[in-house]
K.L.:
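I have a structure I would like to understand better, so I am pasting it below and will then ask my questions one at a time.
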Amino acid sequence: MIRLPRVLPPRRLRSGGRRGTGARIAGLVISLALLGGPMADPAAAADPSDSPSTTSPGSPASSASAVPAGSASPTASSSPWRSAPVASGSASSQPCASVMFVGVRGSGEKAPFGSTVTGIRDSLASRWNGRGTVRQVWLDYPAADPLTLKTASMSSLLFDTPMPSTPYFDSARVGAERLAALLASQSTRCPREWVVLAGFSQGAQAITEALARTDVSSRLAGAILAGNPDHHPGQNVQELSGTAGLSSIGLSALLYYLRGRVEQVGGSRDSQVKTLIQTTIDVHQGDYDLVQARRALAGHHALISPDAYPNSYSICLSGDLVCDSAPAMARILTMQSTFDQELDRGLQVHRKYTPDRLGSTLDAVARQMNTVTAAASQGHPVPHGQQIRTPAQAPAVTAWGRPQILVAVGAGLLGLAIGIGAGVLGHRRVVGSARHQKQ
């Protein structure tokens, strides 16, 4: 158990009124973690008639360039990249390229990419030097609206083992499985090809869980995760953009962690409810069991491999309820605001993952893409498994070994030391705190 600096006044359970408190906090947690979800804009939710097909990768049901009717479809004319995006089920119809770009839209967004991933795609394309080739694929998966969780049993979602089936989490799982299958099949078909992944909200969750299901680290030029519900302290990602603290925790990750703590205690439902209450309070006071969290997240395929760390990038904006849930939970639990206020505030922030806010991340991924495509265009493709060297990085280490892994672990522990919900602290304050702890 790691004890972090307290961010709330100490609160302990009293003997009276536990059931009422348990029901209130259980309802609050599940409402925030689920109904808040990846927070699709209802006005932008896809009409059923516009939804993409749900065929598995490799199915011939999608045409090579098919895009659902009514969608905002990026084409060759709107992008420096020559070919229009195709559904993942038709990726094998494309010629192999230097790089395969795979976009994964957020909840309720229309195919192919949704507005946020389209902005990421266009920004990467504008940074591309035009050498080599890039093909575009959009992940064909349901991208279900999280509001479908209204029909689920809250107690079952929190306490049942295994976690019951729901449209939202089934959608994220299907997306992860299809993306993992796509990466595996295209690796066999196009062994020299590198991969760039970009996902927003539920799309970022699908990418996270796909990276946990298949090892693509040796040919990953970049994985961009914007507003990720699976974001958590100590995650194997780089954070070059965004404003949330390193200790921020996403809604799905928080739910998985709470479920893991409840399962660990076992016993009667009453004791499980008490554990849920106390764990919720502890998280916001700064107590976070990293070992238990990793175990719980691994059980839900939500842990990115350390090997993928060099080229995985997470962007979380402070106040985004989806990836930075602790501050909102703290304010609600201390009666400083209401659920509706936090939901409204979180929605406004969650819609702000625009290219100008992702600049450093986009620059880093674009440099890696340009290095790979330039080498391929000259007939010298970068061997898989070799760390990509870019002009901005040279001289750089050419292998991801123990020193780099220790740096990643240290960064994760530093984020934990800051405290969940504490925000971004000044450099001097962080260094001073670390020295004090050593003494």
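Because only heavy atoms are used, hydrogens play no part in the values below, and waters and symmetry mates are left out as well, while side chains stay in. Nothing fancy with the numbering, it's 1 onward along the sequence.
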K.L.:
Between Ser165 and Asp170, is any side-chain donor less than 3.5 angstrom from a side-chain acceptor?
P.N.:
yes
K.L.:
Nearest 0.5 angstrom please: Ser314 OG to His231 NE2, how far?
P.N.:
4.5 Å
K.L.:
Which residues satisfy the side-chain hydrogen bond (donor to acceptor under 3.5 Å, both in side chains) test with Asp363, sequence neighbours excluded?
P.N.:
Arg127
K.L.:
Counting C-beta onward and ignoring hydrogens, is there a side-chain heavy-atom pair between Val99 and Val195 closer than 4.5 Å?
P.N.:
no
K.L.:
Could you check Leu240 against Leu358 for side chain to side chain contact (heavy atoms under 4.5 Å, CB included), going step by step and ending with a plain yes or no?
P.N.:
CA-CA 8 Å; Leu240 304 182; Leu358 279 63; over 6 Å; no
K.L.:
Please tell me if the side chains of Ser217 and Tyr309 come closer than 4.5 Å, counting only heavy atoms from C-beta onward.
P.N.:
no
K.L.:
How about Thr208 and Asn228: does a side-chain donor come under 3.5 Å of a side-chain acceptor?
P.N.:
yes
K.L.:
List the residues meeting side-chain hydrogen bond (donor to acceptor under 3.5 Å, both in side chains) with Gln348, not counting sequence neighbours, and say none if there are none.
P.N.:
Asp344
K.L.:
Does the side chain to side chain contact (heavy atoms under 4.5 Å, CB included) test come out yes or no for Cys323 and Asp320, once each step is laid out?
P.N.:
CA-CA 6 Å; Cys323 60; Asp320 180 359; 3.5 Å; yes
K.L.:
Taking ring pair (Phe, Tyr, Trp, His ring centres under 6.0 Å) as the test, write out the residues that go with His300, two or more places apart.
P.N.:
Tyr256
K.L.:
Ignoring hydrogens and angles, tell me if any N or O in the side chain of Gln186 forms a donor-acceptor pair with the backbone of Leu183 under 3.5 Å.
P.N.:
no
K.L.:
If the test is side-chain contact (heavy atoms from CB on, under 4.5 Å), which one of Pro167, Ser107, Ser171 qualifies with Pro142?
P.N.:
Ser171
K.L.:
Can you sort out the partners of Thr214 under side-chain hydrogen bond (donor to acceptor under 3.5 Å, both in side chains), two or more places apart, ordered by chain and number?
P.N.:
none
K.L.:
For Leu317, does its backbone N or O pair with a side-chain atom of Thr243 as donor and acceptor, under 3.5 Å?
P.N.:
no
K.L.:
Check whether Asp140 reaches the backbone of Ala87 with its side chain - one donor and one acceptor, N or O, closer than 3.5 Å.
P.N.:
no
K.L.:
Atom OH in Tyr257, atom NE2 in His232: separation rounded to 0.5 Å?
P.N.:
12.0 Å
K.L.:
Any salt bridge (charged side-chain N to carboxylate O under 4.0 Å, His left out) involving residues 183-199? Give me the pairs, sequence neighbours left out, ordered by first then second residue.
P.N.:
Arg135-Glu193
K.L.:
What pair of heavy atoms forms the shortest contact from Pro355 to Ser123, and how long is it?
P.N.:
CB-OG, 3.0 Å
K.L.:
Under the side-chain contact (heavy atoms from CB on, under 4.5 Å) test against Arg173, which residue among Gln205, Arg178, Arg213 passes?
P.N.:
Arg213
K.L.:
Who are the side chain to side chain contact (heavy atoms under 4.5 Å, CB included) partners of Ser241, not counting sequence neighbours?
P.N.:
Ile315, Ser360, Thr361
K.L.:
For residues Gly106 and Ala143, report the shortest heavy-atom separation together with the two atoms involved.
P.N.:
O-CB, 3.7 Å
K.L.:
Apply side chain to side chain contact (heavy atoms under 4.5 Å, CB included) to the pair Tyr313 and Leu225, showing each step before the final yes or no.
P.N.:
CA-CA 6 Å; Tyr313 302 87; Leu225 310 169; over 6 Å; no
K.L.:
Quick test of your reading: applying disulfide bond (SG atoms under 2.5 Å apart), list the pairs with at least one residue in residues 342-382, sequence neighbours left out, ordered by first then second residue.
P.N.:
none
K.L.:
Looking at CE of Met163 and CG of Leu255, how far apart are the two atoms once the value is rounded to the nearest 0.5 Å?
P.N.:
6.0 Å
K.L.:
Just grab all the salt bridge (charged side-chain N to carboxylate O under 4.0 Å, His left out) pairs involving residues 237-249, residues at least two apart or on different chains.
P.N.:
none
K.L.:
Once ring pair (Phe, Tyr, Trp, His ring centres under 6.0 Å) is applied, what residue pairs with a partner in residues 84-108 remain, sequence neighbours excluded?
P.N.:
Trp81-Phe101, Phe101-Phe113
K.L.:
When rounded to the nearest 0.5 angstrom, what distance separates CD1 in Ile120 from CD1 in Ile224?
P.N.:
5.5 Å
K.L.:
Hey, are the side chains of Val102 and Trp138 touching, using non-hydrogen atoms and a 4.5 Å cut-off?
P.N.:
no
K.L.:
Please lay out, stage by stage, how Ser312 and Gln238 fare under the test side chain to side chain contact (heavy atoms under 4.5 Å, CB included).
P.N.:
CA-CA 6 Å; Ser312 295; Gln238 298 197 54; over 6 Å; no
K.L.:
Within the supplied structure, the quantity of interest is the number of heavy atoms (other residues, nucleotides, ligands) at a distance under 6.0 Å from Arg294 CZ; does it exceed 12?
P.N.:
yes
K.L.:
Could you tell me whether a side-chain N or O of Ser305 sits under 3.5 Å from a main-chain N or O of Asp307, the two making a donor and an acceptor?
P.N.:
yes
K.L.:
For the pair Arg261 and Asp289, find out whether any cationic side-chain nitrogen is under 4.0 Å from an anionic carboxylate oxygen.
P.N.:
yes
K.L.:
Would you say the side chain of Leu197 lies within less than 4.5 Å of the side chain of Val104, judging by non-hydrogen atoms?
P.N.:
no
K.L.:
Hey, is the main chain of Pro383 close enough, under 3.5 Å, to the side chain of Arg219 for a donor-acceptor pair?
P.N.:
no
K.L.:
Can you tell me if Gln136 and Arg121 form a side-chain donor-acceptor pair at under 3.5 Å?
P.N.:
yes
K.L.:
With sequence neighbours left out, write down each residue that passes side-chain hydrogen bond (donor to acceptor under 3.5 Å, both in side chains) with Thr116, or none if nothing qualifies.
P.N.:
none
K.L.:
Between Ser325 and Leu254, which heavy-atom pair has the shortest distance, and what is it?
P.N.:
OG-CD2, 3.8 Å
K.L.:
With a 3.5 Å distance limit and no angle check, can you tell me whether Thr371 reaches the backbone of Arg367 through a side-chain donor-acceptor pair?
P.N.:
yes
K.L.:
Between Ser88 and Val137, which heavy-atom pair has the shortest distance, and what is it?
P.N.:
CA-CG1, 3.6 Å
K.L.:
Kindly write out the residues that satisfy side chain to side chain contact (heavy atoms under 4.5 Å, CB included) with Ser218, not counting sequence neighbours, or none if the list is empty.
P.N.:
His384
K.L.:
Answer whether the closest heavy-atom distance between the side chains of Val196 and Met100 falls below 4.5 Å.
P.N.:
no
K.L.:
Would a distance-only check, ignoring hydrogens and angles, find a side-chain to backbone donor-acceptor pair under 3.5 Å from Asn311 to Leu220?
P.N.:
yes
K.L.:
Flag the pair Glu209 / Asp230 as yes when at least one side-chain heavy-atom distance between them is below 4.5 Å, and no otherwise.
P.N.:
yes
K.L.:
For the pair Asp324 (side chain) and Ser318 (backbone), establish whether a donor and an acceptor sit closer than 3.5 Å, ignoring hydrogens and angles.
P.N.:
no
K.L.:
Compare every heavy atom of Trp128 with every heavy atom of Thr373, then report the nearest pair and how far apart it is.
P.N.:
OG1-NE1, 3.6 Å
K.L.:
How long is the gap from CD on Glu177 to CG on Leu182, to the nearest 0.5 Å?
P.N.:
13.5 Å
K.L.:
With heavy-atom distances below 4.5 Å as the criterion, would you say the side chains of Met369 and Trp194 are in contact?
P.N.:
no
K.L.:
If we ignore hydrogens and angles and just use 3.5 Å, is the side chain of Ser185 paired with the main-chain N or O of Ala181 as donor and acceptor?
P.N.:
yes
K.L.:
Looking only at non-hydrogen atoms, find the nearest pair between Gln94 and Ala84 and report the distance.
P.N.:
NE2-O, 4.1 Å
K.L.:
Which residues pass the side chain to side chain contact (heavy atoms under 4.5 Å, CB included) test with Pro191, not counting sequence neighbours?
P.N.:
none
K.L.:
For Asp160, is there any backbone N or O sitting under 3.5 Å from a side-chain donor or acceptor partner on Arg259?
P.N.:
yes
K.L.:
Taking side chain as C-beta onward, heavy atoms only, is Pro233 less than 4.5 Å from Ile249?
P.N.:
yes
